[in-house]
Colleague: 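Before we start, here is the structure in question, set down as structure tokens.
These figures come from a predicted structure and were not determined experimentally.
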Amino acid sequence: METFLSTGIKLCNNNVNDRGMRQKRYDSVEKMLDLLDICKRIGPKFPLDAMFLDPHDRMPNHNC
């Protein structure tokens with residue numbers, strides 16, 4: 001019976017520790033999302049012209 005109780009106490013302590021670790025992971029994810037938001041706001045903007053083809057940029061026609 002004593003072994004059963006000590007095992008139960010260890011399991012309860014592990015659950016408390018797991019909740020703390022889970023909270024740390026949540027906090028870490030929130031920090032990463034905040035950093036991504038900041039980078040999106042202050043980082044260089046992607047040039048929209050890079051998404052479209054320019055009709056004047058053509059490959060030279062090589063008739064060899």
Side-chain angles (χ1 to χ4, degrees):
M1 185 70 175
E2 188 175 320
T3 307
F4 176 75
L5 290 176
S6 64
T7 304
I9 291 170
K10 287 181 185 176
L11 288 174
C12 290
N13 287 340
N14 286 341
N15 289 338
V16 171
N17 194 18
D18 287 344
R19 276 183 270 169
M21 292 303 291
R22 190 178 317 131
Q23 186 61 41
K24 286 181 183 179
R25 281 194 301 270
Y26 289 148
D27 291 342
S28 177
V29 169
E30 285 182 19
K31 284 181 187 177
M32 291 302 294
L33 291 175
D34 289 343
L35 285 173
L36 287 173
D37 186 45
I38 291 169
C39 290
K40 192 170 33 174
R41 284 188 282 133
I42 65 172
K45 304 297 181 215
F46 184 77
L48 292 178
D49 294 339
M51 295 176 58
F52 303 105
L53 294 175
D54 186 1
H56 302 291
D57 286 341
R58 296 182 183 236
M59 295 290 293
N61 191 2
H62 294 289
N63 291 329
C64 295

Colleague: Rounded to the nearest 0.5 Å, how far does OG of S28 lie from CD of Q23?
Modeller: 11.5 Å
Colleague: Counting C-beta onward and ignoring hydrogens, is there a side-chain heavy-atom pair between K40 and L36 closer than 4.5 Å?
Modeller: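 Not in contact.
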Colleague: Salt bridge between R41 and D37, side-chain N to carboxylate O under 4.0 Å?
Modeller: yes
